[in-house]
Amino acid sequence: MTLVRIAAVAVCTAALLTAPAVYADEPPRPAAASQEAEQARLEAQAANAKKVYLYASNVHLRVAPRTSAYVLATKSRIWLLAYCQTNRNTSPVRTADGSVNRWWSKVTLPAGSDFAWVSNVYLRGGKKIAGVRVC
């Protein structure tokens, strides 16, 4: 072996001997501070949410505020939590009276779920819902 290889083997061996042990049956330990910060962020978001009623049947909850977006779930006559609403980069949805509504709300189920988007046409309150902030 050359002197360079011997030195490289010695450095690698020293690194392995000083590294902390990791056991296969031990679950990963997330940083407590980041978990607490994430929990605080979620609680603050929930405090700013407003309960809204989905009054229609078989309404698609989507990954984006567009009718072409992937459907996450289909719900009927249920209470949701609305976090914000937008009319930017959204698909227009025709209302029962023939007018067009571009407002969509970012919602979750009250018991907890991933965020989804629903057209305000299907929420009680209509076009722009009072009390729900703009995204």
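Looking at every heavy atom in both residues, P110 comes nearest to L80 through CD-CA, 4.2 Å. The shortest non-hydrogen separation linking T74 to V71 is OG1-CG1, 4.0 Å. The nearest pair of heavy atoms linking K51 to L81 is CG-CD2, 3.7 Å. Scanning all heavy atoms of the two residues, the minimum distance from R77 to S57 falls at NH1-OG, 2.7 Å.
Proximity of a side-chain donor or acceptor of W104 to a complementary backbone N or O of A64 within less than 3.5 Å is not detected.
By the criterion of side-chain heavy atoms lying less than 4.5 angstrom apart, applied directly or through intervening Ile, Leu, Val, Met, Phe, Trp or Tyr residues, L123 is not grouped with W103; the two fall into different hydrophobic clusters. With hydrophobic clusters built from ILVMFWY side chains whose heavy atoms lie under 4.5 angstrom apart, V52 shares a cluster with I78. There is no path of hydrophobic side-chain contacts, each under 4.5 Å, that joins L61 to F115. V132 is connected to V59 through a chain of hydrophobic side-chain contacts under 4.5 Å among Ile, Leu, Val, Met, Phe, Trp and Tyr, so both are in one cluster. In this structure, W117 is a member of the same hydrophobic cluster as Y122, with clusters built from ILVMFWY side-chain heavy atoms closer than 4.5 Å.
Here the straight-line distance linking atom CG of L54 with atom CZ of R124 works out to 10.5 Å at 0.5 Å rounding. The NZ atom of K127 lies 10.5 Å from the CZ atom of R102; values are rounded to the nearest 0.5 Å. Between the OG atom of S119 and the CZ atom of R62 there is a distance of 10.0 Å, given to the nearest 0.5 Å. To the nearest 0.5 Å, atoms CD (Q85) and SG (C135) are separated by 7.5 Å.
A side-chain N or O of S105 and one of N120 form a donor-acceptor pair less than 3.5 Å apart.
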Before giving the answer on side-chain contact (heavy atoms from CB on, under 4.5 Å), spell out for K128 and V134 the whole-Å C-alpha distance, their side-chain angles and the decisive distance to 0.1 Å. CA-CA 9 Å; K128 184 178 178 191; V134 175; 3.8 Å; yes
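The cationic atom of K106 (NZ for Lys, CZ for Arg) does not lie both less than 6.0 Å from the six-membered ring centre of Y83 and within 45° of the ring axis.
Side-chain contact between K75 and L109 is present, with at least one heavy-atom pair separated by less than 4.5 Å.
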